[in-house]
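Here is how names work: the chains are called A, B, and so on, in the same order as the sequence lines, proteins then strands, and each is numbered from 1.
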2 protein chains.
Amino acid sequence: MPYSIKAAAARCGLSEYTLRYYDKAGLLPFVARDASGYRAFTDGDMALLHTIICLKNTGMRIDDIRTYIQYVMAGTSTVAKRRALLQKHREAVAAKQRAIAENLKEIDYKLAMYEDPQAAQLVARELAAASQDKQAANLPDAFAGIH
Amino acid sequence: MPYSIKAAAARCGLSEYTLRYYDKAGLLPFVARDASGYRAFTDGDMALLHTIICLKNTGMRIDDIRTYIQYVMAGTSTVAKRRALLQKHREAVAAKQRAIAENLKEIDYKLAMYEDPQAAQLVARELAAASQDKQAANLPDAFAGIH
DNA sequence: ATAGACCTTAGAGTGTGCTCTAAGGCAACC
DNA sequence: GGTTGCCTTAGAGCACACTCTAAGGTCTAT
């Protein structure tokens with residue numbers, strides 16, 4: 001029933017190296033060893049690992065994930081702490097989401113310019129403006145001669 | 001009119017170190033030097049820097065940003081290449097956005113559990129299930145004795 | 001002309017998260 | 001009992017993006 005490290009890695013999409021690294025970093029204190037000293041991942045372990053990966057994928061640091069796991073291992077008395085940690089992280093992720101949405105708008109604006117049938121002219125105009133900027137400031141013009 | 005590295009750093013939110021690092025990495029070939037060899041950032045330079053930061057903030061690597069800047073410096077003939085590069089990046093950012101949205105749903109699910117008035121009981125049930133998992137597999141139970 | 005605040009460079013150091021190597025133990029099959 | 005394939009550990013190495021230090025040049029004001 002339990003999974004070897006190879007099987008667990010295949011199931012969660014991480015490398016065996018990464019799983020061992022996570023274990024060493026204190027993220028997997030719940031993973032048991034069999035009689036030979038091999039790691040044995042149960043389905044419950046895979047569920048917790050899934051949560052770890054979710055936190056990692058949203059940019060939480062290994063150190064903070066370890067803190068969360070330590071709360072989990074300490075039982076129900078840490079529910080308030082887990083809630084606070086997750087609430088803080090949730091807000092950070094939401095902020096990141098908003099920032100990405102804003103940046104995506106800008107990328108789309110640039111893309112629209114490059115997709116315009118008159119793209120070359122629009123770009124040439126940008127170039128000319130940048131070139132004038134340099135000359136107005138009596139600076140060497142890195143854009144001179146580009147067309 | 002042009003900005004010193006200190007002023008440019010203050011305006012774009014990067015450190016002076018980072019700006020010098022970007023210059024060394026080939027991201028700022030358009031920034032001119034004044035008579036004393038000091039970098040002089042024009043408004044046009046700040047606009048390009050803004051684009052660089054936008055790409056960086058959405059996870060583009062320095063190497064790929066340099067490629068984009070090289071296209072810009074090569075003039076209008078590279079419009080198709082710029083479009084292709086930005087289109088590919090746009091799709092990567094959109095994918096990341098979708099992934100974050102999915103992960104956020106999971107965090108919210110966990111949070112809802114911790115915010116439930118019966119949170120302690122729900123958590124205790126998870127704990128019991130994980131514990132049983134271990135015992136069913138004849139493994140040492142890291143959850144034993146936790147309440 | 002000297003102090004102080006600014007700028008320059010090359011190159012070393014840091015932090016994070018892996019990623020891999022070396023040396024060796026365990027288990028199953030021929 | 002040897003080969004194969006899995007597992008273990010400690011620790012080295014790597015990639016990336018900074019971040020800082022050291023040594024020194026420039027500008028402005030007193």
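Rounded to an integer number of Å, the gap from CD1 of B:I65 to C1' of D:dC16 is 12 Å. Straight-line distance from the CG atom of B:D23 to the P atom of C:dT8: 9 Å, rounded to whole Å. B:E16 has its CD atom 9 Å from the P atom of C:dC6, to the nearest Å. A straight line from CG of A:L19 to P of D:dT9 spans 12 Å, rounded to a whole angstrom.
Between A:R39 and D:dT8 there is a side-chain polar atom (N or O) within less than 4.0 angstrom of OP1 or OP2. An OP1 or OP2 oxygen of C:dC7 is reached within less than 4.0 angstrom by a side-chain nitrogen or oxygen of B:S4. Applying the 4.0 Å criterion to OP1 and OP2 of D:dA17, one finds that B:R66 has every side-chain N and O outside that range. Taking side-chain N and O atoms only, B:R61 has a distance below 4.0 Å to OP1 or OP2 of D:dC16. Using a 4.0 Å cut-off, no side-chain N or O of B:Y22 falls inside it from OP1 or OP2 of D:dA17.
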Which donor-acceptor pairs under 3.5 Å do the side chains of residues 93-106 of chain B make with protein atoms, sequence neighbours left out?
unit_1 : atom_1 : unit_2 : atom_2 : d
B:R98  : NH2    : B:E91  : OE2    : 3.0
B:N103 : ND2    : B:A99  : O      : 3.2
B:E106 : OE1    : A:H50  : ND1    : 3.2

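If you check D:dC18, D:dT8, C:dT19 against the side chain of B:K56, the one that comes closest is D:dC18. Nearest to the side-chain atoms of B:R20 among the listed nucleotides C:dT9, D:dT9, D:dC18 stands C:dT9. With C:dT19, D:dC18, D:dC7 as the choices, the nucleotide that has an atom nearest any side-chain atom of B:T18 turns out to be D:dC18. Of all nucleotides listed (C:dC18, C:dT21, D:dA17), C:dT21 comes nearest to the side chain of A:Y17. Set against D:dA17, D:dC7, D:dT8, the side chain of A:K6 has D:dC7 as its closest nucleotide.
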**Footprint string (nucleotides 22-30 of chain D, 5' to 3'): B base within contact, S backbone only, - free, heavy atoms under 4.0 Å** = ---BBS---
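One distance of note links OH of A:Y22 with OH of A:Y17; it measures 16.0 Å at 0.5 Å rounding.
Side-chain contact check for A:D43 versus A:M1: some heavy-atom pair is nearer than 4.5 Å. In this structure the side chain of B:M73 reaches within 4.5 angstrom of the side chain of A:F143, judged on heavy atoms.
Contact annotation for B:K24: base contact, defined as any heavy-atom pair under 4.0 Å involving a base atom.
Applying the side chain to side chain donor-acceptor pair (under 3.5 Å) definition to pairs two or more places apart or across chains, those involving residues 134-147 of chain A are A:S131-A:D141, A:K134-B:D45, A:Q135-A:D141.
The existence of a salt bridge linking B:R66 and B:D23 is excluded, since no basic side-chain nitrogen approaches an acidic carboxylate oxygen closer than 4.0 Å.
Transitive grouping of hydrophobic side chains (ILVMFWY, heavy atoms separated by less than 4.5 Å) keeps B:L139 and B:I146 in distinct clusters.
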